[in-house]
> 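One structure, as structure tokens, below. Some questions next.
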Amino acid sequence: MFGHDAYLTWCKAMRSFLFGSIRTSLIVLVLLAVLPALAILLYTGWELRRQVVHDAENYALRQVQAMAAHHERVVNNARLLLMALARSSEVQSLDGPACTVLLADILARNAAYVSLSLADSDGHIVAAAPKGGLGDIGADGYFRNALRSGAFTVGDYTLLKDRHRVVVHFAQPVLGPTERPVGMLVADFDLNYFGRLFDDTRLPEHSVFTLTDANGIRLTRFPETDKYTWIPDLPQMIQRMSGRQEEGTFLETGVDGISRLYGFKRLHFQGASFPYLMIRLGIPVDKALAEARFVIVRNVLLMALATILALATAWFVGEIAMLRRLDRLIAATDRLKSGELSSRTGIDGAEGELGKLAAAFDSMAAGLEEKERERSLAEEQLRRLNDELEGRVDQRTEQLACANRDLQQTLEDLQRMQKQLVLSEKLAALGELVAGVAHEINTPVGVALSAGSTLAEKNRALAELFAGGEMKRSDLACFLDDSREGAEMILANLNRASELIRSFKMVAVDQVSANRRVFSVRGYIEEILLSLRPKLKKTKHRVEVVCDDDLVIESYPGAYSQILTNLIINSLVHAFAPDQEGTLRIEVHRTDGSLELRYADDGRGMTGEVRDRIFEPFFTTARSQGSTGLGMHIVYNLVTHTLGGTIVCDSEPGQGTVFTMTIPV
């Protein structure tokens with residue numbers, strides 16, 4: 001809300017500034033007319049700058065390509081030179097004095113090399129130019145690589161700390177008659193050789209040329225070679241040169257804080273111990289863009305001068321041609337505003353657009369006078385109608401309040417009646433459960449009673465034989481066998497009755513109570529099915545239960561009992577024909593903190609219209625069979641409110657019905 005108000009305030013201020021006066025509007029009009037020319041001017045300057053930058057990038061890239069080509073020629077020349085020397089007789093025979101003279105002569109003719117040397121196959125130096133102490137290079141990596149490959153090898157870049165310069169080692173094996181290395185020719189190339197090339201190129205002032213190895217170490221830099229040799233390169237420079245392109249250009253600020261256009265190239269040498277060498281050449285941006293900036297600034301100044309002249313002209317024309325007549329029109333407007341409806345401008349309507357505006361104003365003032373008279377009459381009529389309407393509104397409001405109270409009372413009666421019907425449905429289900437269990441208990445109790453009566457009769461007969469002294473051993477043995485058999489029969493049937501009574505008691509208590517407790521899901525389902533056995537035994541249906549025996553949860557068992565009881569009874573009433581044989585399947589799984597209860601039957605199924613209304617209270621398709629339409633509504637409330645879960649019904653005609661319940665546990 002605050003942002004919206006601020007925006008409206010800003011818009012109002014801008015309108016006031018732009019259209020507050022004719023002079024300002026004329027100035028804004030002139031500025032708007034100048035804007036396209038200014039945009040074209042700026043675009044032209046931008047195009048010029050872009051072309052200059054493009055030319056500078058191409059120039060930098062060409063120069064760095066030339067440097068790269070020269071470095072590649074140095075490597076190729078070193079390969080050819082060392083291969084030629086390796087075939088000479090002095091080198092083949094490892095003649096130290098003769099090779100020293102030969103290498104010194106070669107070094108004098110090739111200023112790019114720091115030194116040339118010859119070593120035997122063990123790495124001992126036998127000849128070197130310039131002359132120095134005979135050392136050992138057998139442990140150096142480039143020597144071992146060249147000896148192992150038998151071919152020309154480019155070694156790592158090495159810093160000569162005493163001279164503060166970086167060299168690269170070229171090694172060429174000397175092959176004997178058996179084509180096995182008998183020695184090694186080594187040439188050390190000085191990277192400062194590129195300094196002379198850099199000076200000869202005559203690049204713009206503050207241009208730089210840099211060589212960086214694959215590890216990000218700046219090998220050398222021209223100019224200021226001593227300051228920037230063998231130190232880590234800038235991370236942004238390494239990132240720019242380490243992309244997928246082998247060469248390219250970019251704009252970046254150097255270590256000295258100068259922004260430059262850089263051209264770069266990655267060099268790969270055959271037989272080198274390093275993956276690549278990165279070289280780059282940077283040209284200062286200010287030098288490249290100096291001419292473009294001058295052209296842009298000159299054109300902008302000329303445009304500003306033309307704009308000032310146009311603004312002065314607009315100011316003068318507005319004062320003479322418009323503002324004087326506008327003042328008279330404004331004065332008449334002020335008088336009209338103060339209530340003087342007879343006010344007129346006195347300007348001739350033929351004096352251009354402002355004259356037409358003044359005539360329209362005079363016509364408006366006359367119309368306002370007439371409207372004011374009509375308004376006074378209409379206002380009086382409106383006042384009378386208002387009083388009449390207020391009376392009607394009060395009367396209608398009272399009627400609506402009475403109707404609202406009646407509707408509220410009716411709603412409360414309906415809610416109370418619904419609760420009573422739900423309770424009646426629960427008690428009716430419990431009554432059916434009591435009747436069924438009583439019928440089931442009657443059979444084992446009757447058998448136990450018959451067995452007890454038989455035992456009593458046997459006992460009376462044996463007592464008479466005993467009293468008359470006629471009892472035999474066989475009579476006693478027969479009585480004992482009959483007593484044992486009768487006792488076993490009584491005990492078995494009483495246990496059966498006890499099991500039925502216990503199951504009924506547990507299920508009945510859970511159905512009428514809302515206590516939360518820990519229970520075994522598989523065992524409790526078996527108890528529910530046992531309590532429903534009187535109804536199920538009258539059908540040919542099979543009941544399948546898929547549930548782990550060790551699944552134990554803490555929840556409301558009474559809710560589960562009512563849910564499964566209503567679902568099973570709903571299937572028995574609606575899903576199957578009287579003599580049809582079907583399957584009722586109960587699946588229970590526990591996954592990720594929730595219990596998934598799936599109940600399915602393979603009965604006749606439901607249409608989409610019935611399926612969409614199945615959970616509505618009082619909706620039933622078997623009202624003629626005594627159904628109230630509250631069973632599935634009770635199931636829905638138990639799942640969603642009591643257990644805090646969800647229930648989904650899937651059914652198609654002829655495909656059975658599936659209820660899927662997901663309950664948090």
Side-chain angles (χ1 to χ4, degrees), residues 67-96 98-100 102-103 106-107 110 112-129 132 134-160 165-191 193-194 211-217 219-220 230 242 246 265-279:
M67 292 288 189
H70 192 85
H71 198 338
E72 291 174 343
R73 287 196 299 272
V74 168
V75 175
N76 291 331
N77 291 340
R79 178 186 293 108
L80 295 175
L81 175 64
L82 295 182
M83 289 177 64
L85 287 174
R87 294 189 181 94
S88 66
S89 59
E90 294 91 339
V91 174
Q92 287 282 329
S93 61
L94 300 181
D95 185 350
C99 288
T100 300
L102 177 62
L103 295 179
I106 298 290
L107 183 63
N110 294 272
Y113 299 108
V114 177
S115 64
L116 297 173
S117 59
L118 173 66
D120 59 19
S121 59
D122 294 327
H124 301 299
I125 301 296
V126 298
L134 300 181
D136 191 328
I137 62 174
D140 293 343
Y142 69 89
F143 178 83
R144 294 196 303 271
N145 292 337
L147 197 65
R148 182 173 56 254
S149 64
F152 177 80
T153 299
V154 180
D156 292 330
Y157 290 90
T158 305
L159 174 66
L160 301 180
R165 61 176 58 185
V166 178
V167 299
V168 60
H169 305 289
F170 302 130
Q172 171 64 44
V174 179
L175 303 180
T178 61
E179 296 299 322
R180 296 180 59 85
V182 297
M184 187 71 64
L185 279 169
V186 179
D188 295 336
F189 175 72
D190 186 1
L191 293 186
Y193 177 74
F194 285 103
L211 291 89
T212 305
D213 65 9
N215 297 321
I217 298 299
L219 302 177
T220 188
W230 205 260
S242 300
E246 294 292 328
K265 184 176 180 63
R266 290 200 299 271
L267 298 179
H268 303 270
F269 302 113
Q270 182 179 1
S273 59
F274 51 86
Y276 53 82
L277 173 68
M278 297 179 288
I279 65 175

> Could I get the full list of ring pair (Phe, Tyr, Trp, His ring centres under 6.0 Å) partners for Y157, not counting sequence neighbours?
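In terms of ring pair (Phe, Tyr, Trp, His ring centres under 6.0 Å), with neighbours along the sequence ignored, Y157 is linked to F274.
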> Can you list every salt bridge (charged side-chain N to carboxylate O under 4.0 Å, His left out) pair that touches residues 178-190, not counting sequence neighbours?
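As it turns out, the salt bridge (charged side-chain N to carboxylate O under 4.0 Å, His left out) pairs with a partner in residues 178-190, which skip direct neighbours, are R165-D190.
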> Look at the side chain of D213 and the backbone N and O of I217, then say whether any donor-acceptor pair between them is shorter than 3.5 Å.
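Side chain of D213 to backbone of I217: a pair is present.
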> Run the side chain to side chain contact (heavy atoms under 4.5 Å, CB included) test on L118 and V91 for me, step by step, so that the C-alpha distance in whole Å, both residues' side-chain angles and the decisive distance to 0.1 Å come before the verdict.
CA-CA 8 Å; L118 173 66; V91 174; 3.9 Å; yes
> Between Q172 (side chain) and T153 (backbone), is there a donor-acceptor pair under 3.5 Å?
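Side chain of Q172 to backbone of T153: no pair is present.
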> Does the pair V186 and F143 meet the rule for a side chain to side chain contact (heavy atoms under 4.5 Å, CB included), with working shown?
CA-CA 9 Å; V186 179; F143 178 83; 5.5 Å; no
> If every non-hydrogen atom of P173 is compared with every non-hydrogen atom of A151, which pair is closest and at what distance?
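Looks like CD-O, 3.3 Å.
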> What is the minimum heavy-atom distance between L107 and Y113, and which atoms define it?
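So the two residues come closest at CD1-O, 3.3 Å.
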> Under the side chain to side chain contact (heavy atoms under 4.5 Å, CB included) criterion, do V114 and F189 qualify, and how do the steps go?
CA-CA 6 Å; V114 177; F189 175 72; over 6 Å; no
> Check whether D122 reaches the backbone of H124 with its side chain - one donor and one acceptor, N or O, closer than 3.5 Å.
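Checking the backbone N and O of H124 against the side chain of D122, no donor-acceptor pair under 3.5 Å is found.
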> Under the side-chain contact (heavy atoms from CB on, under 4.5 Å) test, which residues partner I279, sequence neighbours left out?
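Partners of I279 by the side-chain contact (heavy atoms from CB on, under 4.5 Å) criterion, ordered by chain and then number, come out as V64, M67, A68, F209, L211, K265, L267, L277.
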> Identify, with sequence neighbours excluded, every residue that meets side-chain contact (heavy atoms from CB on, under 4.5 Å) alongside V182.
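Per chain and number, V182 pairs via side-chain contact (heavy atoms from CB on, under 4.5 Å) with V174.
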> To the nearest 0.5 Å, what is the distance between CG (N76) and NE2 (H71)?
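Between N76 CG and H71 NE2, I get 11.0 Å after rounding to 0.5 Å.
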> Can you tell me how the ring of Y142 sits relative to the ring of H169, calling it parallel under 30°, perpendicular over 60° and tilted otherwise?
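Ring orientation, 0 to 90° scale: parallel.
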> How long is the gap from OG on S117 to CD1 on I137, to the nearest 0.5 Å?
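Nearest 0.5 Å value for the OG-CD1 distance: 5.5 Å.
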> What are the two closest heavy atoms between F170 and A78, and how far apart are they?
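Scanning both residues completely, I find the closest heavy atoms to be CD1-CB, 3.3 Å.
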> Check the pair N145, R148 against side-chain hydrogen bond (donor to acceptor under 3.5 Å, both in side chains), reporting the backbone distance first and the verdict last.
CA-CA 5 Å; N145 292 337; R148 182 173 56 254; 2.5 Å; yes
> Going from CG on L185 to SG on C99, what distance comes out if it is rounded to the nearest 0.5 angstrom?
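Reported value, rounded in 0.5 Å steps: 7.5 Å.
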> Specify the closest pair of heavy atoms between I125 and A119, including all atoms of both residues, with the distance to one decimal.
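Nearest pair, atom of I125 first, then A119: CD1-CB, 3.9 Å.
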> At their closest point, which heavy atom of G96 faces which heavy atom of A127, and how far apart are they?
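Where G96 meets A127 most closely, the heavy atoms are O-CB, 3.5 Å.
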> At what distance, to the nearest 0.5 angstrom, does CG of L116 lie from OG1 of T100?
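Rounded to the nearest 0.5 Å, the CG-OG1 separation comes out at 11.0 Å.
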> CG/L82 to CD1/I106 distance, rounded to the nearest 0.5 angstrom?
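So the gap between those two atoms works out to 10.0 Å.
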> Decide yes or no for P181 and L175: does some side-chain heavy atom of the first lie under 4.5 Å from some side-chain heavy atom of the second?
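Yes, close enough: below the 4.5 Å cut-off.
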> Do you know the tightest heavy-atom contact between H268 and R266?
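So the minimum-distance heavy-atom pair works out to CD2-O, 3.9 Å.
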> Quick one: does S149's side chain have a donor or acceptor within less than 3.5 Å of a partner on L147's backbone?
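Flag not set: sc S149 to bb L147 has no pair under 3.5 Å.
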> If you apply the rule side chain to side chain contact (heavy atoms under 4.5 Å, CB included), what do you find for V168 with D156, and how did you get there?
CA-CA 6 Å; V168 60; D156 292 330; over 6 Å; no
> D136 side chain to G138 main-chain N or O, any donor-acceptor pair under 3.5 Å?
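Judged by distance alone, yes, a pair lies under 3.5 Å.
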> Checking A214 now: which residues fulfil side-chain contact (heavy atoms from CB on, under 4.5 Å) with it, not counting sequence neighbours?
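Per chain and number, A214 pairs via side-chain contact (heavy atoms from CB on, under 4.5 Å) with P275, Y276.
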> The criterion is salt bridge (charged side-chain N to carboxylate O under 4.0 Å, His left out); which residues satisfy it with E72, sequence neighbours excluded?
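Counting only residues at least two positions away or on another chain, E72 forms no salt bridge (charged side-chain N to carboxylate O under 4.0 Å, His left out).
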